[in-house]
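Heads up: the structure comes next, in structure tokens.
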Amino acid sequence: MSIMENIVSLCKRRGFIFAGSEVYGGLAGTWDYGPLGAMLKRNVEGSFWRTFVDSRTDMYGVDAAIIMNPKVWEASGHVATFADPLIEDVVNGKRYRLDHLLEDAGVDDVAGLTMDEMVEVVQKRKLKSPDGNKLGEARMFNMMFTTHVGPVQDDESIAYLRPETAQGIFTNYKNVVDTIYPDLPFGIAQVGKAFRNEISPRDFVFRSREFNQMEIEYFCDPGTWERLFEAWVADFHKWLESLGLPKSKTHDLEVPDADRAFYSKRTIDIEFDYPTGRAELMGIAYRTDFDLGNIQRASGKSMEYTVKGTNEKLIPHVIEPSIGTERLIMAILCSAYVEEGDRVVLKLPEEIAPYKMCVSPLLKNKPELVAKAQEVFAKMKKKYGFVAWDDNGNIGKRYRRQDEIGTPRCVVVDFQTLEDGTVTVRDRDTMEQVRVEINKV
Ligand code: ATP
């Protein structure tokens with residue numbers, strides 16, 4: 001089995017990530033977090049919030065509705081252009097993303113090609129579908145999920161599930177300015193669900209149809225964006241490293257002019273070397289005043305910011321760091337996963353490990369040890385929250401089980417504990433054991 005298959009299997013076996021609606025045969029592109037995955041996700045998103053909101057003085061958070069007025073997506077350009085090129089196998093009707101099909105066929109620089117140019121490549125190279133059949137006409141496919149708001153289902157009631165969290169920030173920019181009066185530059189962060197009807201979800205959670213985003217819009221004076229952009233790139237690299245992603249596996253891709261959205265003056269994609277190949281983990285884009293300008297035009301409401309002191313009015317420009325929780329969790333798991341002989345270890349940083357520790361009695365059939373261990377367990381749970389209890393099998397097996405889910409330490413209560421109040425603490429990474437007083441664990 002490949003490393004990626006081992007990781008996917010571990011995620012399922014130990015309750016990190018399950019296929020969505022699995023009992024009913026699943027639903028492509030959807031995933032459910034199990035008890036350990038839910039904890040890991042909370043810890044990762046918590047780390048984002050602590051790092052980029054709580055510990056700074058220029059950042060605020062919002063938590064906006066997923067279903068927004070459809071005018072949002074008209075003004076942002078999503079209704080007209082949030083689409084991927086789709087092509088169909090004319091024999092079995094299977095649908096593919098045309099740009100992915102070309103990439104898989106080894107065509108260079110696909111991102112820079114227009115739809116017509118991609119079709120031309122298909123014809124010139126006489127490309128077939130992965131099943132060896134003829135390919136049909138290509139067309140653009142809009143990736144937004146539609147729904148209807150209220151009891152009447154007509155064109156008037158159409159709404160979209162948000163394909164990004166960013167617009168929930170932009171539409172609240174004025175509310176934040178009018179309630180908090182922040183000095184420029186300042187930023188607004190949001191963490192939440194996003195939905196994209198991807199043509200072909202693939203690579204585990206990497207390309208899902210329902211996923212989570214952690215996004216920031218950082219509003220600034222247009223004259224200052226270059227320096228701030230660099231600072232955001234550096235801050236994100238530092239954070240990714242703190243989550244265990246090795247520097248050698250993250251790469252800045254300076255997105256060339258031809259591949260960038262027309263309004264963006266600079267975009268860096270931070271790519272990660274996944275076992276499935278190098279791919280986009282996150283993006284940092286300088287979006288000028290495109291979004292606020294659109295909202296001002298479409299809503300007729302001023303998006304101007306009045307600079308304190310000078311009373312100068314301007315529409316702030318924006319730098320947008322955007323990262324998907326699932327792509328990050330996949331990068332974290334791939335970085336932490338180590339096979340050492342017969343031992344599998346998830347070397348997760350303590351801050352994000354689901355369980356902070358595991359408590360167990362050395363022997364299960366000694367009531368006095370079990371009682372003492374339960375007392376220690378209750379104490380640790382009160383102190384650290386998510387703490388595991390394990391009294392199954394022998395101690396070696398318990399260590400292996402905790403290694404596999406990334407628990408940084410195992411605390412074992414033995415006969416000496418009853419005498420002098422010390423426990424054995426075993427470290428996940430070094431496997432070293434030390435005796436520590438219970439109160440000092
Ligand atoms: P891609 O080119 O891989 O489709 P994108 O450039 O469309 O991604 P953005 O619109 O920049 O992605 O979204 C910001 C971030 O959201 C991405 O960097 C990624 O981390 C995450 N993301 C986007 N699409 C998905 C998806 N289908 N599944 C999981 N995460 C996603």
Side-chain angles (χ1 to χ4, degrees), residues 17 20 27-33 41 44-45 48 73 76-78 81-86 96-104 109-113 140-145 161-170 189-217 232-233 236 239-240 243 245 250-256 259-261 263-264 266-272 274 276-287 290-291 318-334:
I17 300 174
L27 177 68
T30 67
W31 300 90
D32 295 342
Y33 288 91
K41 178 183 170 207
V44 168
E45 292 181 344
F48 170 84
W73 309 109
S76 67
H78 282 80
T81 62
F82 193 62
D84 276 338
L86 176 142
Y96 300 95
R97 227 176 103 168
L98 177 52
D99 51 337
H100 286 173
L101 216 61
L102 296 187
E103 275 165 11
D104 293 346
D109 198 22
V110 177
L113 299 181
M140 291 310 276
F141 171 76
N142 193 297
M143 287 194 289
M144 283 199 293
F145 279 99
L161 301 188
R162 67 181 179 200
E164 60 172 36
T165 61
Q167 294 303 322
I169 299 179
F170 287 122
Q190 176 165 227
V191 174
K193 289 273 185 189
F195 303 82
R196 295 183 187 182
N197 198 359
E198 295 278 354
I199 294 167
S200 45
R202 61 179 185 178
D203 297 329
F204 193 31
V205 296
F206 181 88
R207 190 170 298 287
S208 310
R209 288 185 168 135
E210 175 177 340
F211 55 98
N212 293 269
Q213 285 184 320
M214 299 177 271
E215 296 199 296
I216 291 169
E217 303 302 337
W232 277 110
V233 174
F236 265 88
W239 182 57
L240 296 175
L243 299 178
L245 274 57
T250 54
H251 309 277
D252 286 356
L253 173 77
E254 189 79 52
V255 180
D259 305 350
R260 251 188 350 243
Y263 49 79
S264 175
R266 188 175 179 201
T267 299
I268 281 186
D269 284 347
I270 301 184
E271 298 186 314
F272 181 76
Y274 291 97
T276 44
R278 186 175 292 185
E280 176 181 328
L281 163 63
M282 65 168 298
I284 299 174
Y286 167 48
R287 300 174 61 93
F290 174 75
D291 304 273
V318 101
I319 296 162
E320 177 192 77
S322 168
I323 183 162
T325 305
E326 281 71 16
R327 286 195 191 179
L328 179 55
I329 283 182
M330 195 166 137
I332 288 171
L333 289 172
C334 294

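All values reported here derive from a predicted model rather than from experimental measurement. Each ligand, and each atom within it, is numbered from 1 in the order the structure gives.
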Sorted by chain and number, the residues that approach ligand 1 to under 4.0 Å with a heavy atom: R196, E198, V205, F206, R207, S208, F211, Q213, E280, L281, M282, G283, S322, I323, G324, R327
Taking R196 first and then E210, would you say they form a salt bridge - that is, a charged N and a carboxylate O separated by under 4.0 Å? no
Tested for side-chain contact (heavy atoms from CB on, under 4.5 Å) against R327, the lone hit among L281, D203, V205, N212 is L281
Aromatic ring centroids of W73 and F82 under 6.0 Å? no
Any idea how F206 and Y274 line up, ring-wise: parallel (<30°), tilted (30 to 60°), or perpendicular (>60°)? perpendicular
Specify whether F236 and W239 have parallel, tilted or perpendicular ring planes, treating 30° as the upper limit for parallel and 60° as the lower limit for perpendicular. perpendicular
Assess the residue pair T165 and E215 against the criterion (side-chain hydrogen bond (donor to acceptor under 3.5 Å, both in side chains)); give the C-alpha distance rounded to whole Å, side-chain angles, the decisive distance to 0.1 Å, and a yes or no. CA-CA 7 Å; T165 61; E215 296 199 296; 2.6 Å; yes
